[in-house]
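Report on the following structure.
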Amino acid sequence: MAAVQRFIRTFSKTSLDLDDVASLREHTRLPLLLKGVLHADDARRAADLGVDGIVVSNHGGRRVDGALGALDALPTIVEAVGERMTVLMDSGVRTGADVFRALALGAQAVCLGRPYVYGLALAGRRGVREVIDNLVAAFELTMALSGCRTVADITAERLVRADGRPVAG
Ligand SMILES: Cc1cc2nc3c(=O)[nH]c(=O)nc-3n(C[C@H](O)[C@H](O)[C@H](O)COP(=O)(O)O)c2cc1C
């Protein structure tokens with residue numbers, strides 16, 4: 001019951017903002033990652049507050065209907081803070097090509113939400129492993145077919161827009 005009450009107090013506290021991050025920073029030397037960042041200004045502010053990294057995320061599209069896609073937000077955020085902090089990304093990562101695109105746009109890694117839970121629901125621990133193994137295999141295949149030997153080879157120059165314009169530059 002105490003845990004439930006604590007959860008409700010925390011998650012219904014709509015007044016939480018970046019000032020609370022400053023207080024968190026004061027309380028721990030552990031690495032601090034801030035999740036749900038979609039705007040470069042918030043990312044800069046997080047870096048100024050001493051946050052170690054951010055997860056560019058719209059929480060899997062489950063919060064604001066029509067919110068900016070995390071992948072669309074990624075490049076400007078990487079440009080703003082990529083040299084100062086770790087930038088991870090989630091929301092909608094389903095295939096090896098999704099991982100490839102996120103890394104090409106500057107994410108250092110991606111996170112998975114629902115896919116591993118689906119694996120868990122279908123086949124427990126083995127299901128989660130299968131989801132991860134399949135994703136890694138598809139990612140490596142995408143790398144090979146795109147001519148990338150190492151993750152460092154995955155750059156924005158590898159991407160073009162649907163109309164043929166380059167993504168980089
Ligand atoms: C059932 C469910 C509950 C979630 N609850 C939270 C939450 O309390 N806090 C949070 O930051 N993200 C929450 N998320 C979002 C995930 O942490 C993650 O950002 C998202 O699932 C990634 O997108 P994907 O599911 O498309 O991979 C939740 C996601 C799901 C599916």
Side-chain angles (χ1 to χ4, degrees), residues 1-25 27-28 30-47 49-78 80-82 85-143 151 154 159:
M1 186 51 79
V4 169
Q5 284 170 351
R6 176 66 169 258
F7 178 91
I8 289 168
R9 273 204 307 278
T10 305
F11 283 90
S12 57
K13 192 173 169 192
T14 52
S15 61
L16 282 174
D17 62 18
L18 280 168
D19 293 334
D20 295 286
V21 174
S23 131
L24 264 182
R25 182 70 290 172
H27 282 84
T28 181
L30 289 170
L32 199 56
L33 295 186
L34 193 64
K35 175 167 173 283
V37 176
L38 286 175
H39 198 289
D41 289 347
D42 290 334
R44 278 191 210 95
R45 181 87 197 285
L49 289 169
V51 167
D52 301 283
I54 51 173
V55 185
V56 177
S57 167
N58 65 11
H59 305 299
R62 303 175 71 255
R63 289 296 176 103
V64 179
D65 188 19
L68 179 63
L71 196 71
D72 292 323
L74 186 61
T76 48
I77 292 177
V78 168
V81 298
M85 68 201 314
T86 299
V87 179
L88 310 181
M89 178 267 172
D90 82 11
S91 299
V93 175
R94 297 291 178 271
T95 66
D98 290 338
V99 180
F100 187 96
R101 280 187 281 266
L103 297 191
L105 292 176
Q108 277 163 268
V110 298
C111 314
L112 290 183
R114 279 157 290 195
Y116 89 84
V117 184
Y118 296 151
L120 184 71
L122 285 170
R125 178 197 292 239
R126 188 175 58 76
V128 175
R129 181 169 290 279
E130 212 161 296
V131 166
I132 306 288
D133 286 349
N134 279 323
L135 190 75
V136 170
F139 170 59
E140 288 176 352
L141 188 61
T142 304
M143 278 181 69
V151 169
I154 305 174
L159 304 181

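Note that ligands are numbered from 1 as they come in the structure, with each ligand's atoms numbered from 1 the same way.
The two atoms that bring Leu135 and Thr95 nearest to each other are CD1-C, 3.4 Å, heavy atoms only. The nearest pair of heavy atoms linking Leu34 to Ala46 is CD2-CB, 3.8 Å. Contact detail for Leu105 and Val78: the closest heavy-atom pair is O-CG2, 3.6 Å. For the pair Ala40 and Ala80, the tightest heavy-atom approach, listed with the atom from each and the gap, is CB-CB, 3.8 Å. Nearest heavy atoms, Phe139 versus Ile154: CZ-CD1, 3.7 Å.
When only interatomic distances are considered, the shortest N/O to N/O separation between Gly92 and ligand 1 falls below 3.5 Å. Looking at Gly113 next to ligand 1, an N or O pair under 3.5 Å apart turns up. Not one N or O of Arg63 is nearer than 3.5 Å to an N or O of ligand 1, by distance alone.
In this structure, the side chain of Gln108 engages the main chain of Val87 through a donor-acceptor pair within 3.5 Å.
Looking only at protein heavy atoms, the nearest one to atom 18 (C) of ligand 1 is Asp90 OD2, 3.3 Å. Of the protein's non-hydrogen atoms, the one nearest atom 6 (C) of ligand 1 is Arg62 NH1, 4.6 Å. Closest to atom 8 (O) of ligand 1 among all protein heavy atoms lies Phe11 CE2, 4.1 Å. Scanning the protein for heavy atoms near atom 12 (N) of ligand 1, the closest one is Lys35 NZ, 2.9 Å.
For the pair Gly36 and ligand 1, no heavy-atom separation below 4.0 Å is found.
Residue Arg114 approaches ligand 1 through these ligand atoms, each under 4.0 Å from one of its heavy atoms: 23 (O), 24 (P), 25 (O), 26 (O), 27 (O), 31 (C). Below 4.0 Å from some heavy atom of Ser91 lie the following atoms of ligand 1, by number and element: 22 (C), 23 (O), 26 (O). Heavy-atom contacts of Ser57 reach the following atoms of ligand 1: 19 (O) (cutoff under 4.0 Å). Each of the atoms 24 (P), 25 (O), 26 (O), 27 (O) of ligand 1 lies under 4.0 Å from some heavy atom of Arg94.
By the 6.0 Å contact criterion, CZ on Arg129 is open, its count of non-hydrogen atoms from other residues, nucleotides or ligands being 12 or less.
Contact annotation for atom 4 (C) of ligand 1: protein present (non-hydrogen atoms, distance under 4.0 Å).
Under the 4.0 Å criterion applied to side-chain N and carboxylate O atoms, Arg101 and Asp98 are assigned as salt-bridge partners.
Considering Asp19, Asp52, Asp20 as possible partners of Arg25, the one that fulfils the salt bridge (charged side-chain N to carboxylate O under 4.0 Å, His left out) test is Asp52.
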